[in-house]
Enquirer: 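Please read through the structure below; I'll follow up with questions.
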Amino acid sequence: MRLSHLLLAALLALAGPVRAADNTLERVLELSGVKLLCEQTAPLLQRGMQAEQQKALGQAFAAAPLCRDLAAKVAKQVKREQLDAALKLLDSPLARHFTAAERAVGEDGGLPAYRQQLQERPPLGKRLELVQRLDKAAHTTELATLLRYEVGKTQALLALRARGGDLDEKSLAEQTAAQLPPLRESSAKGIEAFMLYAYRQTPSEQLAEYAALYEQAPLRAVLEASAQALPEVFAARRAKLK
């Protein structure tokens, strides 16, 4: 569920301390799920597109350079001590427990049936509140919505260019702004169902501890920087499609 590690380019001669910082950021972005955004981008963009467009999108939005660009922007916003603290939180036994629960969802195949069950028997209010608290703290819906929105904007721009038109970034944002609310709503519902299912055997007290972990300032700084950087990285990559 967490979105996963971004590569930072190693920098020149002061390699010792710089690489240590790079490796820490890489690990933080992996464990927080941000790397997964980069890995999902090209496949999402290529879906339903023509072969020539798929090739161009695969080159412009390849995961490794996309991750480097995103990580470089995050690194400018987050201090080294914040990265160290964030890594300690994400690599804790509590966080590892929840990561294992999330990974298990893809292995047991029970999520679709559980979604149907939720329609018939909504979750307890307190449990739903905890899941929503975690979702907000981990920026999961926010990041998922941004990814889907930027993918949609990019595909819309390519479709327009195929018809001989074009838009600058400001106009593109204005033309597609109405897509954001429904994307946010559907993302939130999907993530809520995922979390409720993944953590169904986890006590509420432990779930509250996990939400509190993501509410701590170091992790909040990383995730807020990632959310801020994602549209900027997409815009820069879209420029390469011209």
Side-chain angles (χ1 to χ4, degrees), residues 1-6 21 23-38 40 70-71 73-108 110-111 114-115 118 122-147 184-230:
M1 181 271 305
R2 268 334 115 242
L3 299 161
S4 290
H5 67 285
L6 298 177
N23 291 339
T24 300
L25 177 57
E26 177 182 348
R27 185 66 173 152
V28 167
L29 294 176
E30 176 185 11
L31 293 176
S32 64
V34 175
K35 180 189 176 185
L36 192 57
L37 295 173
C38 300
Q40 290 177 336
L70 183 57
K73 289 183 177 295
V74 172
K76 293 178 181 178
Q77 302 295 324
V78 183
K79 299 177 181 178
R80 172 59 194 270
E81 54 268 27
Q82 290 176 307
L83 290 176
D84 291 338
L87 180 56
K88 186 175 181 180
L89 291 168
L90 290 169
D91 205 25
S92 65
L94 177 66
R96 288 198 296 268
H97 165 80
F98 279 86
T99 298
E102 293 156 7
R103 287 174 178 165
V105 174
E107 299 170 358
D108 64 23
L111 182 57
Y114 185 78
R115 285 199 183 104
L118 286 177
L124 295 176
K126 181 180 179 181
R127 191 70 173 182
L128 182 58
E129 287 175 4
L130 281 172
V131 161
Q132 291 173 340
R133 176 185 167 190
L134 173 59
D135 179 21
K136 180 179 179 181
H139 291 65
T140 313
T141 288
E142 180 183 8
L143 288 167
T145 301
L146 281 173
L147 176 61
R184 187 178 294 111
E185 182 179 357
S186 63
S187 295
K189 288 181 178 179
I191 288 164
E192 282 178 5
F194 181 98
M195 288 184 174
L196 287 165
Y197 182 71
Y199 312 145
R200 65 195 182 282
Q201 296 178 342
T202 300
S204 293
E205 295 78 9
Q206 198 170 14
L207 184 53
E209 290 179 21
Y210 192 47
L213 181 149
Y214 269 90
E215 288 168 345
Q216 295 193 43
L219 265 182
R220 187 171 67 248
V222 171
L223 292 168
E224 288 177 352
S226 298
Q228 178 181 331
L230 191 63

Enquirer: Less than 4.5 Å apart, side chain to side chain, heavy atoms only: is that true for Gln228 and Glu224?
Expert: no
Enquirer: Once ring pair (Phe, Tyr, Trp, His ring centres under 6.0 Å) is applied, do any residues pair with Phe98, and if so which ones, sequence neighbours excluded?
Expert: Tyr199, Tyr210
Enquirer: Give the minimum heavy-atom separation between Leu213 and Leu219, together with the two atoms involved.
Expert: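 Heavy atoms of Leu213 and Leu219 come nearest at CD2-CD1, 3.4 Å.
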Enquirer: What's the separation between atom CG in Leu36 and atom CG in Leu143, rounded to the nearest 0.5 Å?
Expert: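 The CG atom of Leu143 is 10.5 Å from CG of Leu36, to the nearest 0.5 Å.
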Enquirer: Rounded to the nearest 0.5 Å, what separates atom CZ in Arg115 from atom CD in Glu192?
Expert: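 The CD atom of Glu192 is 12.0 Å from CZ of Arg115, to the nearest 0.5 Å.
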Enquirer: How many angstroms lie between atom CG of Leu130 and atom CE of Met195, to the nearest 0.5 angstrom?
Expert: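 Interatomic distance, Leu130 CG to Met195 CE, rounded to 0.5 Å: 11.5 Å.
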Enquirer: Looking at every heavy atom in both Pro218 and Ala86, which two are closest together, and how far apart are they?
Expert: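 What the structure gives for the nearest pair is CB-N, 3.8 Å.
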Enquirer: How far apart are the closest heavy atoms of Val78 and Ala221, and which atoms are they?
Expert: CG2-O, 3.8 Å
Enquirer: Looking at Gln201, I'd like to know if its CD atom is crowded, meaning that more than 12 non-hydrogen atoms belonging to other residues, nucleotides or ligands lie closer than 6.0 Å.
Expert: no
Enquirer: For Leu196 and Pro123, which heavy atoms make the closest approach, and how far apart are they?
Expert: CD1-CG, 3.7 Å
Enquirer: Distance-only criterion, 3.5 Å: show the donor-acceptor pairs between side-chain atoms of residues 87-95 and protein atoms not counting sequence neighbours.
Expert:
residue	atom	partner	partner atom	Å
Ser92	OG	Leu89	O	2.7
Ser92	OG	Ala95	N	3.3

Enquirer: Taking only residues at least two apart or on different chains, which pairs with a member in residues 199-215 satisfy salt bridge (Lys or Arg N to Asp or Glu O under 4.0 Å)?
Expert: Asp108-Arg200, Arg133-Glu215
Enquirer: Could you tell me whether the side chains of Thr141 and Arg184 share a donor-acceptor contact shorter than 3.5 Å?
Expert: no
Enquirer: Do Leu31 and Thr99 have side-chain heavy atoms sitting under 4.5 Å apart?
Expert: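 Answer no - side chains too far apart.
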Enquirer: Between CG of Leu146 and CG of Leu37, what distance do you get to the nearest 0.5 Å?
Expert: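 Going from the CG atom of Leu146 to the CG atom of Leu37 covers 8.5 Å.
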Enquirer: If I take atom OG from residue Ser226 and atom NE2 from residue His139, how far apart are they, to the nearest 0.5 angstrom?
Expert: 9.0 Å
Enquirer: Could you tell me whether the side chain of Tyr214 reaches within less than 4.5 Å of the side chain of Leu223, counting heavy atoms only?
Expert: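 A side-chain contact under 4.5 Å exists here.
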Enquirer: About how many Å separate CD of Gln82 and CG of Leu25, when rounded to the nearest 0.5 Å?
Expert: 11.5 Å
Enquirer: Is it true that Glu30 and Arg27 make a salt bridge, defined as a side-chain N closer than 4.0 Å to a carboxylate O?
Expert: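 Counted as a salt bridge, because a side-chain N and a carboxylate O are separated by less than 4.0 Å.
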Enquirer: Provide the closest heavy-atom pair for Val28 versus Leu83 in the form atom of the first, atom of the second, distance.
Expert: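 Here Val28 and Leu83 meet closest at CG2-O, 3.6 Å.
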Enquirer: For Leu111 versus Ala193, what's the shortest heavy-atom pair and its separation?
Expert: CD1-O, 3.8 Å
